[in-house]
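Please read the structure below before turning to the comments.
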Protein chains: 2
Amino acid sequence: MARANTTKRAILDAALELAATKGITGTTMDEVAELAGVAKGSLYYNFSSKDQLFEALLQEGVGALADSLRSAKGELRGWDAVDALVTRLLDLIAANAPLAKLMASEIFRTDRAWQETLFALRHDALAVFAEAIDETDAAAGRSGIMASGVFGAVLMSGLEWLVFEPERDRDEVAAAILATLRVR
Amino acid sequence: MARANTTKRAILDAALELAATKGITGTTMDEVAELAGVAKGSLYYNFSSKDQLFEALLQEGVGALADSLRSAKGELRGWDAVDALVTRLLDLIAANAPLAKLMASEIFRTDRAWQETLFALRHDALAVFAEAIDETDAAAGRSGIMASGVFGAVLMSGLEWLVFEPERDRDEVAAAILATLRVR
DNA sequence: GTCTATACCCGGATAGAC
DNA sequence: GTCTATCCGGGTATAGAC
């Protein structure tokens with residue numbers, strides 16, 4: 001069982017790294033097995049199919065993201081909370097760029113086997129932003145759209161930074177994002 | 001030649017529609033041929049490969065997007081220009097949701113045959129936003145990051161609207177996006 | 001310029017030994 | 001629980017008739 005868990009871990013890590021650059025459909029089970037250092041048979045011992053492997057991967061990754069956002073909000077309210085969430089999300093993206101890339105490319109796909117799962121996870125993460133925005137005076141019953149906007153701004157700026165301008169430092173990027181948003 | 005052009009058009013339209021939901025890798029040439037109403041051989045007569053077909057598709061789509069943004073900016077400067085660009089981009093997304101989905105999923109891929117092409121197009125589109133931001137007093141040498149943020153906010157809010165909350169009306173969505181941004 | 005038919009390979013999944 | 005070997009469907013691309 002401990003053995004199984006470390007194998008599972010290796011498989012999930014390999015799958016994430018490959019999918020971040022090649023996409024999920026573009027990643028083959030052979031490649032995952034090779035990078036994980038296990039035989040292909042072991043993939044299918046630990047996961048029932050390729051779809052189920054990537055569903056587990058997204059569940060773990062996006063679930064952890066939502067949890068971290070919730071803890072970042074803590075007792076903060078309104079724009080203060082949005083400010084803290086933006087910064088936390090940027091740090092999460094920086095610490096897990098492969099997951100961020102994968103989210104960016106999967107978030108609007110509606111044909112996947114794991115669609116329901118991803119939709120729920122996406123909702124959990126955005127709900128934290130929406131909740132904070134609802135505590136401001138700008139929400140006006142459209143905090144869902146606004147939450148997506150803030151999330152999208154951070155995601156795209158964060159990946160722009162990591163992929164195309166990695167020489168910049170984190171504080172500068174955080175400040176740039178906050179400068180475009182009506183925070184405070 | 002006129003014949004070839006209409007065939008090309010049908011192929012490109014079919015390819016875009018399919019790729020918007022299934023992704024490029026997940027779209028097969030057989031499916032494109034069937035939806036376009038032509039035989040598979042005609043695909044390869046008009047485009048040398050699947051990669052080249054999708055490169056042409058992105059070139060056409062993102063190129064037109066950049067042109068439209070530039071014309072929306074016109075003589076406007078600073079926050080007024082950002083405001084106009086946000087609204088125009090939202091309209092472009094609404095009018096061409098499949099392209100918007102495709103962009104969202106392809107923009108951070110770095111392993112594609114058409115990587116160079118897409119990078120240049122992406123730069124053209126973002127440059128219009130960056131230029132407007134540079135005309136404000138908030139740029140501080142980081143207009144590239146800020147432009148990505150604004151673009152990401154509009155793209156994600158726009159797709160949130162079209163994919164998950166289509167009952168809202170366009171003006172409401174535009175207002176919600178602008179309300180999250182420090183415009184004016 | 002468009003079609004049908006086919007070559008060829010690669011990817012997901014399974015069987016069964018160890 | 002992990003391996004190797006293999007099956008089989010489906011995918012890109014090409015050949016050649018019309």
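Chain letters run A, B, ... following the sequence lines, proteins first and then strands; every chain starts at 1. If you're wondering where the values come from, they're calculated on a predicted model, not measured in any experiment.
Regarding A:Ile11, its CD1 atom lies at a distance of 12 Å from the P atom of D:dG1, rounded to whole Å. Separating the CZ atom of A:Phe54 from the P atom of C:dG11 is a distance of 13 Å, rounded to the nearest angstrom. Atom CD in B:Glu31 sits roughly 8 Å away from atom P in D:dT12 (whole-Å rounding). Rounded to whole Å, the distance from NZ on B:Lys8 to P on C:dG1 is 9 Å. Straight-line distance from the CG atom of A:Leu43 to the P atom of D:dT4: 13 Å, rounded to whole Å. What separates CD of A:Glu34 from C1' of D:dC3 is a distance of 16 Å, to the nearest Å.
Set against D:dT4, C:dT2, D:dT2, the side chain of B:Tyr45 has C:dT2 as its closest nucleotide.
One finds a side-chain N or O of B:Ser42 lying less than 4.0 angstrom from the OP1 or OP2 phosphate oxygen of C:dC3. In this structure, B:Thr7 reaches the C:dT2 phosphate: one of its side-chain N or O atoms is under 4.0 Å from OP1 or OP2.
Among the heavy atoms of the strands lying under 4.0 Å from B:Thr27 are primed sugar atoms or P, OP1, OP2 only; no base atom is included.
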Compile the donor-acceptor pairs under 3.5 Å between side chains in residues 156-166 of chain B and protein atoms, sequence neighbours left out, one pair per line.
unit_1: B:Ser157; atom_1: OG; unit_2: A:Ile145; atom_2: O; d: 3.1
unit_1: B:Ser157; atom_1: OG; unit_2: A:Gly149; atom_2: N; d: 3.1
unit_1: B:Ser157; atom_1: OG; unit_2: B:Ala153; atom_2: O; d: 3.1
unit_1: B:Glu160; atom_1: OE1; unit_2: A:Arg122; atom_2: NH2; d: 2.1
unit_1: B:Glu160; atom_1: OE1; unit_2: A:Ser148; atom_2: OG; d: 2.8
unit_1: B:Trp161; atom_1: NE1; unit_2: B:Arg168; atom_2: O; d: 3.0
unit_1: B:Glu165; atom_1: OE1; unit_2: B:Arg168; atom_2: NE; d: 2.6
unit_1: B:Glu165; atom_1: OE1; unit_2: B:Arg168; atom_2: NH2; d: 3.3

Which side-chain N or O atoms in residues 92-102 of chain B pair as donor and acceptor under 3.5 Å with protein atoms at least two apart or in another chain?
none

In residues 11-19 of chain A, what donor-acceptor pairs under 3.5 Å come from side-chain atoms, sequence neighbours left out?
unit_1: A:Asp13; atom_1: OD1; unit_2: A:Arg9; atom_2: NE; d: 3.4
unit_1: A:Asp13; atom_1: OD1; unit_2: A:Arg9; atom_2: NH2; d: 3.2

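A salt bridge between B:Glu60 and B:Lys8 is absent, with no side-chain N of the basic residue lying under 4.0 Å from a carboxylate O of the acidic one.
Checked against side chain to side chain donor-acceptor pair (under 3.5 Å), B:Lys50 has no partners two or more places apart in sequence or in another chain. Contacts of B:Lys40 classified as salt bridge (charged side-chain N to carboxylate O under 4.0 Å, His left out), with partners at least two apart in sequence or in another chain: B:Asp30.
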Per-nt protein contacts along nucleotides 13-18 of chain D (heavy atom under 4.0 Å; B base, S backbone sugar-phosphate only, - none) come out as BB----
